[in-house]
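Notes follow once the structure below has been shown.
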Amino acid sequence: MKMTVFAMISLLTGGFLSAQTPSPRRLQKSLRKFQSATSSAIRSAAAMIFLPTAKASPFCNHGKSRLNIFVRPVNGGEARRLTSEKDRDIQQYFWKGNDFVIYAMDDRGDENFHLKRVKVKDGEVKDVTPFPKVRSELVDDLVDVSETDILFRMNKRDPKVFDVFRLNVPTGEMKLAAQNPGNIDRYITDHAGKIRAAITTDGVNTKFANAARRECGIQERADHEFPPAVCPAVLHF
């Protein structure tokens, strides 16, 4: 299959849509270069990503007095603005399939981030997590698993805990993937996009909970007392 290379250029000041560790697939497939920006003190990040049929390159630039998402043809040409956010800069986003870009946006600094999708073809923007006083965060972009789906977590059921949902980006349909029993702080997926482990906490002590190959639930395997912390990098069977 003929592959097309496109560059994704973003202006970032923080994480990548989530408080969670980025998925190993994205770390393995993305080349990130950080460099000093201009007097605005914004840092720029560039990632080179390979997609089968990508024809456009998304990047952030100033539009409507804020950082908005623009696209331009890979082979060169005029840039076209996709988003028109006026209250806050778009700092975190990623490409999903060949038709959509997903980005995070809160309501004027309330930190209740919603996931929004923008259609590359016509710039249509839709809030795919349109719930008041709810925070949504990426768990896994499923880049090698699905052309349409992502895993994300949100605290809609209970403000104190985050459940995981699988979202179909084109249709907006979402299904519960994992309900938080109340003590899970972070979920970990394998290379097939399945939730295989988690980090649990009681506010002081942390535990690594491993589901192994079973589908029936996650079991705690090891205790780690505070202040040492557990931060798994890769889950491999």
Side-chain angles (χ1 to χ4, degrees), residues 2-18 22-23 26-27 29-109 111-130 136-138 141-143 146-150 152 167-172:
K2 183 178 179 181
M3 304 294 286
T4 304
V5 181
F6 75 91
M8 179 181 288
I9 305 172
S10 62
L11 298 177
L12 305 179
T13 59
F16 191 78
L17 279 179
S18 174
S23 65
R26 180 160 293 277
L27 293 176
K29 287 182 175 291
S30 298
L31 172 63
R32 300 183 177 184
K33 297 179 180 179
F34 289 90
Q35 60 186 21
S36 296
T38 58
S39 58
S40 63
I42 299 175
R43 293 195 175 274
S44 64
M48 190 72 72
I49 300 177
F50 298 85
L51 285 181
T53 59
K55 297 180 181 179
S57 164
F59 66 98
C60 273
N61 203 349
H62 287 278
K64 297 289 184 179
S65 301
R66 291 293 184 180
L67 288 177
N68 274 282
I69 297 175
F70 290 70
V71 291
R72 62 187 171 199
V74 173
N75 295 328
E78 186 175 349
R80 174 169 56 92
R81 179 166 51 84
L82 287 182
T83 61
S84 301
E85 297 291 347
K86 299 178 181 179
D87 294 326
R88 299 206 71 187
D89 294 340
I90 296 177
Q91 299 177 351
Q92 307 163 0
Y93 66 90
F94 65 96
W95 185 281
K96 185 57 189 177
N98 293 306
D99 299 321
F100 297 97
V101 175
I102 309 295
Y103 67 96
M105 180 61 61
D106 67 354
D107 185 11
R108 290 166 289 189
E111 297 191 357
N112 287 322
F113 287 95
H114 289 199
L115 299 182
K116 293 187 176 183
R117 70 159 204 212
V118 55
K119 189 179 296 183
V120 175
K121 182 178 180 180
D122 56 16
E124 177 195 13
V125 176
K126 180 179 180 180
D127 187 347
V128 292
T129 57
S136 302
E137 299 174 347
L138 182 72
D141 57 14
L142 303 180
V143 64
S146 173
E147 284 290 314
T148 60
D149 293 3
I150 64 172
F152 77 97
L167 171 71
N168 183 298
V169 172
T171 67

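- When atom types are taken as modelled, the side chain of Lys96 and the backbone of Asp149 share a donor-acceptor pair closer than 3.5 angstrom.
- With hydrogens and angles ignored, the 3.5 Å screen pairs no side-chain donor or acceptor of Arg66 with any backbone N or O of Ile90.
- Counting only distance, with no hydrogens or angles, the side chain of Arg80 and the backbone of Val120 share a donor-acceptor pair below 3.5 Å.
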Please test Val128 against Val169 for side-chain contact (heavy atoms from CB on, under 4.5 Å), starting from the C-alpha separation and ending with a verdict.
CA-CA 8 Å; Val128 292; Val169 172; 5.7 Å; no
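- Annotation: the span from Asn98 atom CG to Lys121 atom NZ amounts to 13.5 Å, rounded to 0.5 Å.
- Residues Val125 and Tyr103 form a side-chain contact, since some pair of their non-hydrogen atoms from C-beta on lies under 4.5 Å apart.
- Within the 4.5 Å cutoff, the side chain of Phe94 has heavy atoms near those of the Leu138 side chain.
- Side-chain atoms of Thr83 come within 3.5 Å of backbone N or O of Ile69 as a donor-acceptor pair.
- With sequence neighbours excluded, the residues satisfying side-chain contact (heavy atoms from CB on, under 4.5 Å) with Pro170 are Phe100, Thr148, Asn168.
- Residues Met105 and Asp89 approach most closely at CE-O, 3.6 Å, considering heavy atoms.
- Applying the side-chain contact (heavy atoms from CB on, under 4.5 Å) criterion to Asp107, with sequence neighbours excluded, gives Asp110.
- Residues forming a salt bridge (Lys or Arg N to Asp or Glu O under 4.0 Å) with Lys116 (at least two apart in sequence, or on another chain): Glu85.
- Annotation: salt bridge (Lys or Arg N to Asp or Glu O under 4.0 Å) contacts of Lys119 (sequence neighbours excluded): Glu124.
- Atom CZ of Phe70 is separated from atom CG of Leu82 by 9.0 Å, given to the nearest 0.5 angstrom.
- Atoms CG and CG, on Leu167 and Leu115 in that order, are 7.5 Å from each other to the nearest 0.5 Å.
- With sequence neighbours excluded, the residues forming a salt bridge (Lys or Arg N to Asp or Glu O under 4.0 Å) with Asp106 are Arg88, listed by chain and number.
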